[in-house]
Amino acid sequence: MYDSGKIIVGLIIGLGLLTFPFWYNLGKAAPPAPEPKLSEKAKTAGQCIEPKARMKTRHMQILDEWRDNMVRKGQVLYVAWDGKRYDMSLQNTCMDCHDSKKDFCDQCHNYTAVSPFCWDCHVAPEEK
Amino acid sequence: MFEKALSGSDKYWSWVIFLLVIIGLGFLAYLYQYFEGLRVTGMSRDISWALYISQLTFLVGVAASAVMLVLPYYLHNYKAFGRITILGEFLAVSAVTMCLLFVLVDLGKPTRLLNLFLHPTPNSILFWDAVVLQGYLFLNIIIGWVVLEAERKALPPPAWVKPLIYLSIPWAVSIHTVTAFLYAGLPGRHMWLTAVMAPRFLASAFAAGPALLIILALILRKVSNFDAGKEAIQKLAQIVTYALIINLFLFGMEFFTAFYSNIPGHMHSLVYLFAGLEGKGNLVPWMWTSAVLCFAAAILLVIPATRRNEGILFFAALMTFFGLWIDKGLGLVIGGFIPNPLEHVTEYAPTGPEIMVTFGVYALGFLILTLLYKVAISVKAESESGKILASH
Amino acid sequence: MGWDRRKFLKIAGISALGLGAKPALDLLFGQMIEVQAQEEKPPLVKAQTWAMVVDLRKLTEEDCRRVVEACHREHNVPDIRHVDGSVNHKEEVKWIWAEGFEHAFPGQAFEYVSHELEEKPLLVLCNHCSNPPCVRVCPTKATFKREDGIVMMDMHRCIGCRFCMAGCPYGSRSFNWGDPRPYIAKINPSYPTRTKGVVEKCTFCFDRLSKGQHPACVEACESGALVFGDLANPNSEVRKLLSERYALRRKPELGTGPNVYYLL
């Protein structure tokens with residue numbers, strides 16, 4: 001092969017960069033699992049608008065559906081799995097109960113390095 | 001073929017590096033704008049579109065001018081344009097790329113750009129503008145590249161490219177008409193609400209674009225061995241002459257309609273641009289300069305003796321280009337917003353970051369133009385010298 | 001047939017395309033989301049054409065001040081000022097504000113208009129037109145007309161192209177040239193703010209309407225100069241007022257069909 005020296009060196013550097021995330025953390029302990037803390041209000045309520053497992057996997061899709069239904073279709077109320085009715089609002093429903101973004105939402109988001117931009121606009125409750 | 005752009009003289013590389021520096025600075029300015037918001041520009045609640053969109057408007061015209069080479073050559077067999085249609089097509093690629101970039105830097109939320117295509121809205125002219133601009137870009141890239149490649153191989157171009165070439169002719173007219181429709185259908189902006197907006201756009205496009213082609217052809221003759229040919233350049237000059245006169249005529253029509261009818265809404269913007277309104281008139285010297293440039297250029301172009309003198313023609317083309325750039329690039333868009341719908345006069349002046357971003361986009365366009373032209377003239381030099389050798 | 005570089009690259013390219021197709025399509029068109037139980041409950045107060053009537057005889061300067069403050073406070077509209085405290089007219093955001101007669105009705109002003117009318121500040125806002133040019137030009141349907149007549153803003157979809165601002169013949173729309181939050185004195189925790197890069201305007205308080213409340217401006221107007229109601233309902237107060245007195249609308253000749261009426 002032509003320029004075999006340059007190519008092999010280039011390949012090694014390239015592969016090294018590509019696999020960096022894997023070998024850089026070798027030997028270090030995994031960071032602790034996230035522990036979102038339920039607020040007093042959430043504990044009292046006992047359940048969310050959907051079962052916990054569903055909320056864990058689908059809260060983002062639910063929020064998207066709420067957004068489209070509320071803003072674009074003018075709907076207001078959501079009927080939860082237990083028949084209770086809720087306003088479709090991140091600020092006024094979800095965060096009314098889960099009232100600490102730092103202790104609840106950020107715990108998992110920081111761990112997974114996800115930064116949703118909802119709170120650029122939607123006002124998070126004041127941290128106590 | 002692209003490897004031809006990667007080899008050149010020292011002058012070539014100094015020019016490329018100069019452009020890269022400007023692009024870098026423009027990019028930094030854009031980052032500043034991206035994180036701070038569009039408040040770093042001179043735009044305001046009353047003048048919500050300004051330098052970026054006005055450059056888009058002007059460059060769309062320059063891009064459409066490729067048709068002025070393609071139409072005579074492909075539809076009417078005007079042989080003199082045969083060697084330079086590629087220059088028009090590559091200029092179109094460069095200009096449309098700049099147009100799309102100017103839209104991008106003007107957006108408040110550029111990360112949501114895909115919404116244009118995820119939620120297509122046929123009743124919105126901006127949607128169609130995005131569609132036709134992209135289409136024209138791809139048309140010209142494909143046509144230019146394929147025809148050039150065929151020439152390099154000393155073969156006729158493949159048959160499938162012919163329908164695309166024919167398509168590019170009405171498509172060129174469409175990109176301009178659609179951009180004019182952005183303005184001409186808005187009920188609240190009296191300066192733009194005129195049936196003559198699209199024709200005026202086309203006329204100034206067919207003047208400014210070929211004028212730029214003349215300038216580029218003359219520069220190419222100086223910096224390389226590529227000679228467009230006296231006949232081609234003269235024909236372009238004739239096209240610019242007619243288009244410029246038609247444009248001045250249409251502009252005069254605007255004045256007549258506004259001032260003979262005496263309707264305040266129609267008059268106000270023109271008064272602001274050429275005399276100032278309520279004591280404010282920072283565009284007045286620009287508009288008069290544009291008028292002088294265009295009229296002087298028209299005179300120089302109409303007189304055969306000055307038109308045939310390529311030194312004078314170069315300046316006439318420059319005057320045409322800059323005069324029309326002021327008219328469309330400054331006067332039209334900014335003037336349309338003044339006075340605002342509540343009859344207040346707010347003025348506009350671009351800020352440093354805004355100008356730097358604009359330069360950055362222009363530099364990127366010029367870089368694309370330089371690289372593509374280098375490929376084109378290198379290929380032509382090869383193929384033509386091959387033909388000369390073969391004929392011996 | 002021998003394998004050469006060209007054939008290898010062709011096949012590799014096609015395979016990459018094939019492998020990448022599914023994830024790309026998934027990303028673009030989303031997964032089929034199971035629709036959870038949702039009730040299509042109509043807003044408590046339903047209408048066909050929301051409209052507002054501004055009674056210029058009752059409207060006072062104090063009204064204007066109070067109304068603007070109430071609206072902007074309720075909806076977290078930023079108060080953008082220069083360092084010296086003066087209003088930053090370049091970047092200001094306003095949903096409802098006061099203008100003089102000749103500015104609100106440029107086609108109607110004349111030299112001998114009554115002194116009282118000339119001096120009076122009157123409120124201008126989005127007219128929630130029946131035939132809105134802003135909706136016509138929006139390339140993403142971020143602004144759209146609801147069934148109840150409200151011209152709505154979807155802040156999530158707006159790309160900030162500002163075509164709607166160019167299209168509005170009334171200058172009702174504002175753009176967030178920068179981050180608005182530093183300029184909001186006291187954030188209302190039950191309404192979102194906006195971010196830099198999106199357009200905003202009056203929404204006829206659609207969220208309050210769904211709870212059966214009047215728009216914030218109407219409630220804050222103590223003299224009762226602002227009346228809100230459904231034009232399609234012949235018994236509504238707005239219809240009554242319009243049948244009794246002549247009303248002006250802003251630039252009606254443009255065919256936009258504005259739904260804010262001004263009683264002289």
Side-chain angles (χ1 to χ4, degrees), chain B residues 34-49 53 103 106-130 181-183 185-190 192-193 263-265 268 333 336-337 339-344 346-348, chain C residues 28-30 80 88-94 99-100 102-107 109 124 131 133-142 144 155-180 195-199 250-251 253-256:
Chain B
Y34 180 78
F35 287 111
E36 264 301 300
L38 282 156
R39 66 198 298 234
V40 308
T41 67
M43 292 188 272
S44 60
R45 190 179 189 279
D46 286 338
I47 318 254
S48 43
W49 277 344
I53 298 295
V103 171
D106 185 67
L107 286 181
K109 288 235 167 268
T111 49
R112 293 185 186 171
L113 179 64
L114 275 184
N115 277 350
L116 267 175
F117 301 107
L118 290 172
H119 306 286
T121 314
N123 52 270
S124 166
I125 300 293
L126 209 110
F127 165 72
W128 288 113
D129 210 27
F181 281 173
L182 281 179
Y183 300 101
L186 300 180
R189 309 284 174 186
H190 295 289
W192 298 337
L193 194 69
I263 295 178
H268 281 159
V333 176
F337 282 109
N340 82 351
L342 293 125
E343 309 265 312
H344 291 295
T346 309
E347 290 211 278
Y348 164 82
Chain C
L28 281 176
F29 298 107
I80 303 186
N88 183 337
H89 288 292
K90 191 171 164 280
E91 293 171 35
E92 68 178 331
V93 176
K94 44 193 188 184
E99 286 275 359
E102 60 166 324
H103 291 289
F105 298 96
V124 295
N131 192 351
C134 61
V135 169
R136 205 151 53 238
V137 298
C138 175
T140 58
K141 297 194 254 318
F144 58 95
M155 303 302 179
H156 310 89
R157 200 183 277 186
C158 177
I159 61 176
C161 73
R162 310 190 296 292
F163 201 0
C164 59
M165 288 175 78
C168 175
Y170 306 105
S172 307
R173 290 167 162 275
S174 315
F175 182 68
N176 283 284
W177 300 99
D179 181 14
T195 48
K196 65 170 158 61
V198 293
V199 173
R250 296 170 64 196
K251 304 195 192 181
E253 71 278 4
L254 296 180
T256 50

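Note that the coordinates shown come from a computational prediction; the quantities given were computed from them, not determined experimentally. Each chain gets a letter, A, B and so on, in the order the sequences are listed, and its residues count up from 1. The figures that follow rest on heavy atoms only: side chains count, while hydrogens, waters and symmetry mates do not.
Only the backbone of Val135(C) comes within contact range of chain B, with at least one heavy atom under 4.5 Å from a heavy atom of that chain. With a 4.5 angstrom heavy-atom cutoff, Tyr183(B) does not touch chain C via any of its atoms. When heavy atoms are compared at a cutoff of 4.5 Å, Lys94(C) approaches chain B by way of both its backbone and its side chain. Contact annotation for Arg173(C): only backbone heavy atoms (N, CA, C, O) come within less than 4.5 Å of a heavy atom of chain B. Both the backbone and the side chain of Phe163(C) have a heavy atom closer than 4.5 Å to some heavy atom of chain B. At a 4.5 Å heavy-atom cutoff, Thr346(B) makes no contact with chain C through either its backbone or its side chain. Only the side chain of Leu186(B) comes within contact range of chain C, with at least one heavy atom under 4.5 Å from a heavy atom of that chain. Cys161(C) touches chain B through backbone and side chain together, each having a heavy atom under 4.5 Å away. For Pro120(B), the part lying near chain C is the backbone, with the side chain staying farther off; criterion is any non-hydrogen pair under 4.5 Å. Both the backbone and the side chain of Arg45(B) come within less than 4.5 Å of a heavy atom in chain C. In this structure, chain B has a heavy atom under 4.5 Å from the backbone of Cys168(C), while its side chain stays farther away. Proximity to chain B involves both the backbone and the side chain of Glu92(C), based on heavy atoms less than 4.5 angstrom apart. Using a 4.5 Å cut-off between heavy atoms, Glu343(B) touches chain C through backbone and side chain atoms alike.
Smallest separation of non-hydrogen atoms from His268(B) and Pro339(B): CB-CD, 3.6 Å. The two residues Tyr348(B) and Met43(B) come nearest to each other via the heavy atoms CE1-N, 3.8 Å.
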| task | Test Thr195(C) against Asn176(C) for side chain to side chain contact (heavy atoms under 4.5 Å, CB included), laying out the working first. | result | CA-CA 7 Å; Thr195(C) 48; Asn176(C) 283 284; over 6 Å; no
| request: Report the C-alpha separation of Val124(C) and Tyr170(C) in whole Å, then their side-chain angles, then the decisive distance to 0.1 Å, and conclude whether the side chain to side chain contact (heavy atoms under 4.5 Å, CB included) test is met. | output: CA-CA 9 Å; Val124(C) 295; Tyr170(C) 306 105; over 6 Å; no
| Taking it one step at a time, do Trp192(B) and Phe337(B) satisfy ring pair (Phe, Tyr, Trp, His ring centres under 6.0 Å)? | CA-CA 9 Å; Trp192(B) 298 337; Phe337(B) 282 109; 5.2 Å; yes
| query | Can you check side chain to side chain donor-acceptor pair (under 3.5 Å) on Asn115(B) and Thr140(C), steps first, answer last? | reply | CA-CA 6 Å; Asn115(B) 277 350; Thr140(C) 58; 5.5 Å; no
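Taking chain B as the reference chain and counting heavy-atom pairs below 4.5 Å, the highest number among Leu254(C), Ile159(C), Val198(C), Val199(C) is found for Ile159(C). Of the listed residues (Trp128(B), Phe35(B), Phe127(B)), the one with the most heavy-atom contacts under 4.5 Å to chain C is Phe35(B). Note: Pro341(B) leads Pro341(B), Gly188(B), Gly37(B) in heavy-atom pairs under 4.5 Å with chain C. Interface check for chain C: of the options Leu182(B), Thr121(B), Asn123(B), Asp129(B), the most heavy-atom pairs under 4.5 Å are formed by Thr121(B). Among the candidates Asp106(B), Asp46(B), Leu116(B), Ile53(B), the residue making the largest number of heavy-atom pairs closer than 4.5 Å to chain C is Asp106(B). The candidate from Cys158(C), Ala166(C), Gly160(C) with the greatest count of non-hydrogen atom pairs under 4.5 Å with chain B is Ala166(C). Ranking Pro169(C), Pro139(C), Gly167(C), Gly197(C) against chain B, the residue ahead of the rest is Pro139(C), based on heavy-atom pairs under 4.5 Å.
A ring-centre distance under 6.0 Å is found for His344(B) and His103(C).
Looking only at side-chain heavy atoms (C-beta outward), Pro133(C) and Thr256(C) come within less than 4.5 Å of each other. Residues Lys141(C) and Arg157(C) form a side-chain contact, since some pair of their non-hydrogen atoms from C-beta on lies under 4.5 Å apart. Using a 4.5 Å heavy-atom cutoff, the side chains of Phe175(C) and Ser44(B) are not in contact. For the pair Pro106(C) and Arg250(C), the minimum side-chain heavy-atom distance is 4.5 Å or more.
The side-chain tip of Lys196(C) points at the ring of Tyr34(B) from less than 6.0 angstrom away and within 45° of straight on.
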